Asks: 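Shown below is the structure under consideration.
Treat the numbers as computed from the prediction; the structure is a model and nothing was measured. Lettering follows sequence order; numbering is per chain, from 1.
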Amino acid sequence: MIAVVFLLILLAAMLAVATAGAGGELPIAEVLVLVGVFCVFFGAGIYIAAALGVLGLIVGYAFSDRPFWDFIGQMIWGPSSSFVLVAVPLFLLMGEILLRAGVSDQLYRSLNVFLRRLPGGLLHTNIVSCGVFSAVSGSSVATAATMGSVALPYFRDTPYSPRVVLGSLAAGGALGNLIPPGITFIIYGLITETSVGKLYLAALGPSALVVVLFIAYIAWHGLRNPIGAPAPGTRAGEEPIGIAAALAGLVPTVVLIGVVLGTIYAGLATATESAALGVAGAVALAALRGKLSLRMLNEAAVATARTTAMIGLILFGAYLLNFILTSIQVPQKLASMVAGLPLPPWAIMALIIGFYLALGTFMEGFSMIITTIPIVFPIVKALGYDPIWFGVIITMLVEIAMISPPDGTVLYVLQGMRPDPGAIGDVFRGVLPFVVLYVLAIVLLMVAPEIALWLPRVLA
Amino acid sequence: MAPRDAGEGGAPLLATLGRIQALVRLAARWMNAAAGWMFVACAAFITFDVLARNFLGFSSRSTTEITGYMLAFGIAWGLAHALAERSHVRVDVLINKLPLGARQYLHAVALALLAVFAGYAAWGACQLVRESLEFGATDMSALHTPLAIPQGLWAIGLSVFFLLAVLMLAEVVLLLALRRGAEVDALLSSRTYEEEADEALAAAREGKDQM
C-alpha cells in the first residue's frame with residue numbers, strides 16, 4: 001500500500017512538472033495513455049507480457065504511422081535467438097540440478113564447522129550458505145524455502161533469537177542475484193546492450209561490501225547477546241563432522257563456483273559458455289553424489305523450460321512495446337525532459353531508486369526489470385550515470401524489494417516454515433536491520449561509485 | 001437450481017471443449033519436456049565446443065547461431081505448458097483481494113488479452129518464416145543454416161501457445177455463461193508463492209532422500 005501511494009505521488013509530481021512547461025515538446029498524450037492503460041492492466045491482473053504487448057499494439061495503432069505489424073516477427077525473434085540470453089536457461093538448469101543433488105544440506109553442515117565459533121555463530125552460516133546457494137538458483141523464493149528447510153532445524157532448542165535467525169536467512173537469500181553469476185545481470189545486459197562480464201566484475205565490490213556489513217552486524221549482535229558455549233552446529237541426533245570432512249563437503253561446490261566464475265573473470269569464456277560449463281559441473285557433482293538419474297535430469301529440464309518460457313514471454317512483450325515506443329520517440333523525449341529538469345541528477349536518481357523500491361514490493365524481480373528498464377535506462381544515461389553502475393544498483397534494489405516488510409514474498413515463505421509459532425512481525429523486525437544495511441550499501445555506492453566501477457576499469 | 005439460462009447445449013459443449021483441450025495440454029507437456037531437454041543438449045553442445053576449442057584446436061564455428069536457435073525453440077515450446085501450469089506472471093495483489101464475482105471476469109479479460117498478444121506473436125512469427133522461405137535467407141555462420149528451419153519450429157511453439165490460449169478462453173467464456181466462476185478461478189489464478197516454495201522443497205527433499 002505504501003508502495004502504491006508513493007507511485008501515485010511520483011506520477012502526480014511528473015505531471016505537475018510536465019504541465020508547468022518544463023517539458024516543452026513532451027508527448028503528454030502518449031505518456032498519459034501509456035501510464036493510464038498500464039495502471040488499469042496491472043490493477044486488473046493482466047498477464048505482464050500481455051499487458052506490455054497489447055499496450056504496444058494500442059500505442060502502435062493510435063500513434064504510429066508506420067506499418068509496425070510487419071516487424072512483429074523480427075522484433076520477437078531477436079531476443080528469442082540471442083546468444084547472451086542462452087545463459088539464462090543454462091544457469092537455471094544448473095541451479096535446478098544442484099537443488100536436486102542435495103548440495104544445500106552438505107553446504108550448510110560444512111560451513112557450520114568453520115563459522116560456528118565466531119560471535120553470532122550459526123547466523124553467519126545462514127548468510128554465507130544462502131548467499132552461495134542463491135547465486136546458483138534463479139529464484140529468491142526457492143532459495144529461501146530450500147535453505148530455510150535446511151537451516152531451521154539447527155536452531156531448535158538453541159538460545160538464538162528467532163527474529164535474527166529468520167532475518168538472516170531472508171537477507172542471505174536476497175544476496176543471490178547480486179553475487180555473480182546472477183541472472184538479473186544477464187537480462188539487464190541483454191536489454192541495455194551492456195557487457196555481462198563487466199557487470200559481473202562490477203558486482204564483486206558491492207557484493208563484498210554487503211556481505212561484510214551483514215557479517216559485522218551479526219558479530220556485533222553475537223557479542224551483545226552471547227549464547228555461552230559455541231553452538232554444536234548439528235541437529236538433534238546428528239554426529240558432528242570434523243574439519244577434514246567439512247572441507248571435503250565444501251570442495252565440490254567451491255570448485256563448481258570456481259569453474260563458472262573463474263572462466264568468466266579470466267576471459268576464457270563468455271557468461272553463456274561458463275553457464276554451460278556450470279551445467280556440466282553440476283551434472284558431474286550430482287553423479288559424484290549418486291543423485292544423477294534420468295528422472296532427476298528430466299525434472300530439472302522441465303522446471304527450467306517452464307521458467308525460461310515465463311521470462312521469454314515477458315521479453316517478447318517488452319521488445320514489442322519498446323520497438324513501438326522508440327519508433328515514436330517516447331523514451332528519447334522522456335529522457336531529455338527529465339535531464340532538463342531543474343533538479344540535480346542525484347535527486348532524480350533518488351526518485352528512480354524510490355520508484356524501484358516501491359514497485360519491487362509487489363512485482364516479481366525479472367518482470368520488473370524487463371518492464372521498466374527500456375524506459376528508465378535512457379533517462380539514466382542522459383543524466384550521465386554509468387550503465388554498469390546502474391545495473392548493479394538495479395539488481396540491489398530488486399533484492400531489497402524482495403525482503404522489505406510488509407510485502408516481501410521471501411518473508412512470508414520463511415514465516416510459513418518456522419517450527420516455533422510466532423507473529424509475522426518477528427520476521428519483519430528480524431530482517432529490518434539487514435534492509436537498512438542494504439540501503440546503506442546503496443547510499444555508499446551512490447557516494448563512491450568506484451566501489452563498483454574500479455574493478456571493471458582496471459581489468460578492461 | 002440448474003442454470004437454465006445458460007442453455008441446454010452449454011454443458012455438452014464444455015465437455016467436447018475439455019476433450020480437445022486435454023489433447024493440446026498433453027502436447028504442451030511433451031513440448032515443454034522437449035524444450036527442457038533442448039537446454040540440456042545446448043549445455044552439452046557449448047561445453048563440447050569450449051573444450052574442443054581450447055584443447056583440440058577446432059570449433060563448430062556456429063555455436064552462437066545454433067545455441068540461439070535452441071533457445072528460441074526452448075522458449076517457444078515451453079510457452080503453452082507454462083500457461084497450462086499457471087506460470088506466466090501476473091500482478092495479482094489487487095485481484096486476489098476482490099470477491100469471486102468480480103475476479104472471474106477479470107480472469108477472463110486477462111486471458112483474452114493474452115490470447116490477443118499470443119495471436120499477434122504467432123502471426124508475426126509465421127510471417128517471418130514466410131519471408132525467410134521467400135528470400136531463402138540463411139545465417140552468417142559456417143553452416144549457412146536456412147533460417148526458415150529454426151524459425152519454423154519456433155513459430156510452431158508460438159502457434160500452439162496461441163491455440164491453447166484460445167481454447168482456454170472458450171472454456172472460460174462457457175464457464176462464465178454457466179455461472180461456474182469458481183472453476184474459472186481454479187483454472188487461471190496465478191501460482192502462489194506457497195506453491196512455488198512447496199515445489200522447491202519437494203525437489204530438495206528428493207536430493208536428500210535418494211541416498
Side-chain angles (χ1 to χ4, degrees), chain A residues 42-50 53-54 57 72-74 76-77 80-83 85-86 89-90 93 99-102 104-105 141-142 145-146 149 269 272-273 276-277 279-280 291 296-299 301-302 304-306 308-310 312-314 316-317 362-364 367 409 412-413 416, chain B residues 32-33 35-37 39-40 42-44 46-47 50 54 64 67-72 74-79 81-82 85 87-95 106 109-110 113-114 116-117 120-121 123-128 150-151 154 193-194 196-197 200-201 203-204 206-208 210-211:
Chain A
F42 273 18
I46 307 297
Y47 294 89
I48 290 180
V54 171
L57 295 172
I72 292 178
Q74 197 59 54
I76 56 179
W77 173 251
S80 280
S81 57
S82 147
F83 183 63
L85 197 64
V86 174
L90 297 186
L93 184 60
L99 177 66
R100 289 168 174 80
S104 47
D105 219 22
V141 169
T146 313
S149 79
T272 306
E273 288 167 345
L277 293 175
V279 173
K291 299 283 167 58
M296 176 266 220
L297 204 55
N298 186 50
E299 276 173 15
V302 161
T304 302
R306 201 179 56 193
T308 310
M310 179 270 274
L313 189 66
I314 303 173
F316 290 174
F362 59 88
M363 247 180 116
E364 188 265 342
S367 16
T409 322
Y412 289 91
V413 174
Chain B
N32 181 71
W37 282 96
F39 292 135
V40 176
C42 185
I46 298 178
T47 305
V50 171
N54 284 307
T64 316
T67 54
Y69 303 152
M70 288 171 139
L71 175 69
I75 293 179
W77 283 46
L79 287 173
H81 186 62
E85 297 265 287
S87 293
H88 287 304
V89 188
R90 304 167 63 183
V91 175
D92 50 8
V93 260
L94 196 65
I95 185 170
L106 286 177
V109 172
L113 286 179
L114 188 70
V116 169
F117 173 55
Y120 270 93
W123 177 79
C126 293
Q127 290 290 101
L128 191 65
Q151 287 173 348
W154 173 72
Y193 60 82
E194 284 102 343
E196 210 180 312
L201 286 179
E206 193 180 308
K208 264 180 253 174
Q210 274 180 12
M211 301 290 286

Asks: Is A:I76 close to chain B through its backbone or its side chain, or both, or neither, when contacts mean heavy atoms under 4.5 Å?
Replies: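 When you check distances to chain B, atoms from both the backbone and side chain of A:I76 fall under 4.5 Å.
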
Asks: Quick one: of A:T272, A:L277, A:I314, who has the most non-hydrogen atom pairs under 4.5 Å with chain B?
Replies: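 When all of A:T272, A:L277, A:I314 are compared, A:L277 has the most.
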
Asks: Between B:V40 and A:A301, what is the shortest heavy-atom contact and its length?
Replies: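 Smallest heavy-atom distance, with atoms named: CG2-CB, 4.0 Å.
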
Asks: Measure across B:H88 and A:A309 and return the closest heavy-atom pair with its distance rounded to 0.1 Å.
Replies: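 Where B:H88 meets A:A309 most closely, the heavy atoms are CE1-O, 3.9 Å.
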
Asks: Which one wins on heavy-atom pair count under 4.5 Å against chain B: A:G416, A:A305, A:G317?
Replies: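 Heavy-atom pairs under 4.5 Å are most numerous for A:A305.
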
Asks: Checking heavy atoms, do the side chain of B:A125, its backbone, both or neither come under 4.5 Å from chain A?
Replies: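 Answer is backbone: N, CA, C or O of B:A125 sit under 4.5 Å from chain A.
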
Asks: So, taking the atom named CD in B:Q151 and the one named CD in A:Q74, what distance separates them when rounded to the nearest 0.5 Å?
Replies: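 So the gap between those two atoms works out to 7.0 Å.
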
Asks: Chain A: which of B:T64, B:V109, B:N54 shares the most heavy-atom pairs with it under 4.5 Å?
Replies: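 Most pairs with chain A among the choices: B:T64.
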
Asks: To the nearest 0.5 Å, what is the distance between CD1 on A:I46 and CG on B:L106?
Replies: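 Result: 7.0 Å between the selected atoms.
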
Asks: For residues A:G45 and B:R90, report the shortest heavy-atom separation together with the two atoms involved.
Replies: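 Taking A:G45 first and B:R90 second, the nearest heavy atoms are O-NE, 2.6 Å.
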
Asks: I'd like to check A:V279 versus B:F39 (side-chain heavy atoms, cut-off strictly below 4.5 Å). Are they in contact?
Replies: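 In short, these two side chains do not touch, never coming nearer than 4.5 Å.
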
Asks: Could you tell me which of B:A33, B:G124, B:G74 has the largest number of non-hydrogen atom pairs under 4.5 Å with chain A?
Replies: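 Looking at each of B:A33, B:G124, B:G74 in turn, B:G124 comes out on top.
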
Asks: Contact part of B:E85 toward chain A, heavy-atom cut-off under 4.5 Å: side chain, backbone, both or neither?
Replies: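 The side chain, not the backbone.
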
Asks: As an exercise: rank A:V302, A:T146, A:L99 by heavy-atom pairs under 4.5 Å with chain B and give me the winner.
Replies: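 The answer is A:L99.
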
Asks: A:L57, A:T304, A:L90: which one forms the most heavy-atom pairs within less than 4.5 Å of chain B?
Replies: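 Of the candidates given, the most pairs with chain B belong to A:L57.
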
Asks: Would you call B:L79 and A:F316 a side-chain contact if the rule is heavy atoms closer than 4.5 Å?
Replies: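 They are in contact (side-chain heavy atoms under 4.5 Å apart), so the answer is yes.
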
Asks: What residue, out of A:A280, A:A269, A:A49, A:G73, has the most heavy-atom pairs lying under 4.5 Å from chain B?
Replies: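 Ranked by heavy-atom pairs under 4.5 Å with chain B, first place is A:G73.
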
Asks: Checking the side chain of A:S81 only, and the main-chain atoms of B:A72 only, is there a donor and an acceptor separated by less than 3.5 Å?
Replies: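 Side chain of A:S81 to backbone of B:A72, a donor-acceptor pair under 3.5 Å: no, none is there.
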
Asks: Shortest non-hydrogen contact from B:W154 to A:S80?
Replies: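 Between these two residues, the closest heavy atoms are NE1-OG, 2.9 Å.
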
Asks: Which atoms form the tightest heavy-atom contact between A:M310 and B:V89, and what is the distance?
Replies: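 Nearest heavy atoms, A:M310 then B:V89: SD-CG2, 3.3 Å.
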
Asks: Can you tell which part of B:I75 gets under 4.5 Å to a heavy atom of chain A, answering side chain, backbone, both or neither?
Replies: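 Both parts, heavy atoms under 4.5 Å.
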
Asks: Could you state the interatomic distance from CH2 (B:W77) to OG1 (A:T308), rounded to the nearest 0.5 Å?
Replies: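 Reported to 0.5 Å precision, the distance equals 16.0 Å.
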
Asks: Would you mind reporting whether A:Y47 and B:L113 have side-chain heavy atoms less than 4.5 Å apart?
Replies: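 Side chain of B:L113 against side chain of A:Y47, heavy atoms only: no contact under 4.5 Å found.
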
Asks: Check each atom of B:V50 against the heavy atoms of chain A and say whether the ones under 4.5 Å are side chain, backbone, both or neither.
Replies: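 Just its side chain gets close to chain A.
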
Asks: Mind checking whether B:L71 and A:L85 have side chains closer than 4.5 Å, heavy atoms only?
Replies: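 Heavy-atom side-chain distance check passes, below 4.5 Å.
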
Asks: Can you tell which part of B:W37 gets under 4.5 Å to a heavy atom of chain A, answering side chain, backbone, both or neither?
Replies: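 For B:W37, backbone and side chain are both near chain A.
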
